[in-house]
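Before any comments, here is the structure.
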Amino acid sequence: MTNEKASLPPAVDRAAFEAELQTLRAREKAHTREGDAIAAARRRLPMVEVDPTLELTGAQGPTTLLDAFEGRQQLIAYYFMWHHGHPAAEQCQGCTWCTTQVAELSYLHSRDITYAVFAQGPYSESSRYRDFMGWEMPWYSALPSLETLLVGRRVGSMHLVCYLRDGDRVFETYWTTLRGVEAMDYSYALMDLTVYGRREQWEDSPAGWPKEWQPGYPKVLNGRPIAQWSRIEAGRSDQL
């Protein structure tokens with residue numbers, strides 16, 4: 001973090017401030033309506049059938065994609081990048097960031113949706129990372145079926161995939177990757193409401209605005225994914 005004094009927005013009276021804000025509010029409302037329209041189009045996408053017997057590895061050993069639904073009709077699976085054989089400090093900063101945001105699952109469950117992480121590494125290693133981080137969501141290794149589950153996509157990259165169950169048949173209804181997975185995040189959404197935003201190099205900000213977070217490392221602090229530090233300070237073991 002920089003100690004340099006950042007530039008400030010111009011100071012105006014309340015009336016001028018509210019007038020500028022209302023101009024922006026019109027754009028925000030249009031953005032919200034467009035988001036609703038995109039979601040409506042997403043609900044009208046076709047779907048593709050997926051083998052429900054594709055193997056995953058869970059806490060009890062081999063299981064299936066169908067079992068990961070936990071009896072609910074829909075499943076959202078986050079495909080967590082994994083650096084096999086690397087220590088916790090070198091695991092994916094972006095996947096750690098996104099996964100940390102997902103804490104309360106009851107609202108998803110109320111809409112008949114199960115959320116689970118499909119790690120792209122061995123269950124034994126990746127589940128120890130889950131325990132170190134203190135995450136409680138369902139956790140599987142997708143390694144046994146990864147190439148089939150992510151057919152046509154870049155295996156090893158982060159993906160968010162939505163599935164629908166019709167009895168014992170499973171269908172894929174949507175997927176996204178890279179910045180699309182920001183749908184999971186509230187930290188960036190809140191940062192975007194502040195005057196200095198994310199403080200990252202790529203942002204369109206006025207001259208003099210702080211941008212100390214470097215490309216490629218926006219979620220790492222002192223050599224670790226940011227969320228790991230509170231776990232280390234709590235005395236948790238990060239041995240994988």
Once rounded to the nearest 0.5 Å, what's the spacing between atom CH2 of W229 and atom CD of E233? 8.0 Å
Please determine if E200 and K211 form a salt bridge, counting it only when a charged side-chain N lies under 4.0 Å from a carboxylate O. no
Given 3.5 Å as the limit, does a donor-acceptor pair link the side chain of T176 with the main chain of V181, or not? no
Could you tell me whether the side chain of P138 reaches within less than 4.5 Å of the side chain of V117, counting heavy atoms only? no
Which residue pairs satisfy the salt bridge (charged side-chain N to carboxylate O under 4.0 Å, His left out) criterion with at least one member in residues 91-114, sequence neighbours excluded? none
Kindly determine whether L75 and L65 satisfy side-chain contact (heavy atoms from CB on, under 4.5 Å), including the steps that lead there. CA-CA 9 Å; L75 168 68; L65 176 62; 4.0 Å; yes
Any idea which heavy atoms bring G121 and S141 closest together, and the distance? O-OG, 2.7 Å
CD (Q239) with more than 12 external heavy atoms under 6.0 Å: no
T114 and its side chain to side chain donor-acceptor pair (under 3.5 Å) partner, picked from R72, Q73, H109: R72
Ignoring hydrogens, what is the shortest heavy-atom contact between A207 and S7? Give both atom names and the distance. O-OG, 3.8 Å
Using a 3.5 Å distance criterion without hydrogens, assess whether the side chain of D13 forms a donor-acceptor pair with backbone atoms of A16. yes
Hey, are the side chains of P225 and T100 touching, using non-hydrogen atoms and a 4.5 Å cut-off? no
According to a hydrophobic-cluster definition based on side-chain heavy atoms being under 4.5 Å apart (Ile, Leu, Val, Met, Phe, Trp, Tyr only), do F171 and F118 belong together? no
Minimum heavy-atom distance P144-T57, with the two atoms named: CG-OG1, 3.6 Å
Exceeds 12 heavy-atom contacts within 6.0 angstrom, atom CD of E136: no
Are L108 and V161 connected in the hydrophobic side-chain network, where two residues link if heavy atoms are under 4.5 Å apart? no
d(H31 NE2, D36 CG) to nearest 0.5 Å is 10.0 Å
Between D131 and R236, is there a side-chain N and carboxylate O pair less than 4.0 Å apart? no
Is the side chain of T64 donor-acceptor paired with the backbone N or O of T53 at a distance under 3.5 Å, no angle test? no
Any side-chain heavy-atom pair from F80 and T99 closer than 4.5 angstrom? yes
Under 3.5 Å donor-acceptor, S126 side chain and A119 backbone: no
If the condition is ring-ring contact (aromatic ring centres under 6.0 Å, His included), which residues does Y78 pass it with, not counting sequence neighbours? none
Examine R199 relative to W209 and say whether NZ or CZ is less than 6.0 Å from the centre of the six-membered ring and inside a 45° cone about the ring axis. no
CE of M158 to SG of C98: how many Å apart, nearest 0.5 Å? 5.5 Å
Is there a donor-acceptor contact under 3.5 Å from the side chain of R154 to the main chain of L150? no
Could you walk me through whether Q74 and Y163 pass the side-chain contact (heavy atoms from CB on, under 4.5 Å) test, one step at a time? CA-CA 6 Å; Q74 298 181 86; Y163 299 97; over 6 Å; no
Test: D192 and R198 ion pair at under 4.0 Å: yes
Counting only N and O atoms by type, is there a donor-acceptor contact under 3.5 Å from the side chain of T194 to the main-chain atoms of M191? yes
Just so I know, are the side chains of L56 and L149 near enough to count as touching, which here means a heavy-atom distance under 4.5 Å? yes
Let's go through E20 and R27 carefully: what are the C-alpha distance in whole Å and the side-chain angles of both, what is the deciding distance for salt bridge (Lys or Arg N to Asp or Glu O under 4.0 Å) to 0.1 Å, and is it a yes or a no? CA-CA 11 Å; E20 291 280 355; R27 295 179 63 187; over 6 Å; no
Does NZ or CZ of R42 fall inside the cone over Y174's six-membered ring, less than 6.0 Å from its centre and within 45° of the axis? yes
Just wondering, do V155 and E147 contact through their side chains at under 4.5 Å, heavy atoms? yes
Would you check if there is a donor-acceptor pair between the side chains of Q201 and W213 at a distance under 3.5 Å? no
Can a salt bridge be assigned to the pair E182 and K219 using a cut-off of 4.0 Å between side-chain N and carboxylate O? no
Please work out whether the ring planes of Y188 and W97 are parallel, tilted or perpendicular, with thresholds of 30° and 60°. tilted
Any side-chain donor near an acceptor of the partner, Y129 and Q228, under 3.5 Å: yes
Please say whether more than 12 non-hydrogen atoms of neighbouring residues, nucleotides or ligands are located less than 6.0 Å from OH in Y196. yes
Hey, what do you get for CG (L240) to CZ (R130), rounding to the nearest 0.5 Å? 14.0 Å
Give a yes or no on whether H84 atom NE2 has more than 12 heavy-atom contacts from other residues, nucleotides or ligands under 6.0 Å away. no
Could you check whether any side-chain heavy atom of W139 comes within less than 4.5 Å of a side-chain heavy atom of Y123, counting everything from C-beta outward? yes
In sequence, state the C-alpha distance, the side-chain angles, and the governing distance for L164 and V170, and then conclude on side-chain contact (heavy atoms from CB on, under 4.5 Å). CA-CA 6 Å; L164 176 69; V170 172; over 6 Å; no
Report whether M81 and L160 are members of the same hydrophobic cluster (ILVMFWY, side-chain heavy atoms less than 4.5 Å apart, transitive linking). yes
Got a donor-acceptor contact below 3.5 angstrom from the Q120 side chain to the S157 backbone? yes
Same apolar cluster: Y140 and L54, side chain cutoff 4.5 Å: yes
Please indicate whether Q60 has more than 12 foreign heavy atoms, meaning atoms of other residues, nucleotides or ligands, lying under 6.0 Å from its CD. no
State, without any angle test, whether H86 and Q91 hold a side-chain donor-acceptor pair at a distance under 3.5 Å. no
L146 side chain near Y79 side chain, heavy-atom distance below 4.5 Å: yes
Under 6.0 Å from the six-membered ring centre of W202 and within 45° of its axis: does the NZ or CZ of R179 meet both? yes
Kindly compute the distance separating CD1 (I232) from OG (S237), expressed to the nearest 0.5 Å. 8.0 Å
Under a 3.5 Å threshold, yes or no: a donor from one side chain and an acceptor from the other, between Q101 and S187? yes
Do you know which of R128, R224, R231 makes salt bridge (Lys or Arg N to Asp or Glu O under 4.0 Å) with D238? R224
Heavy-atom pair of closest approach, residues W82 and P122: CD1-CD, 3.9 Å
Could you go step by step and tell me if V102 and M184 meet the side-chain contact (heavy atoms from CB on, under 4.5 Å) rule? CA-CA 7 Å; V102 183; M184 301 167 61; 3.8 Å; yes
Student check: side-chain heavy atoms of P9 and V195 closer than 4.5 Å: yes
Strictly distance-based, threshold 3.5 Å: is any side-chain N or O of R169 a donor or acceptor partner for the main-chain N or O of R165? no
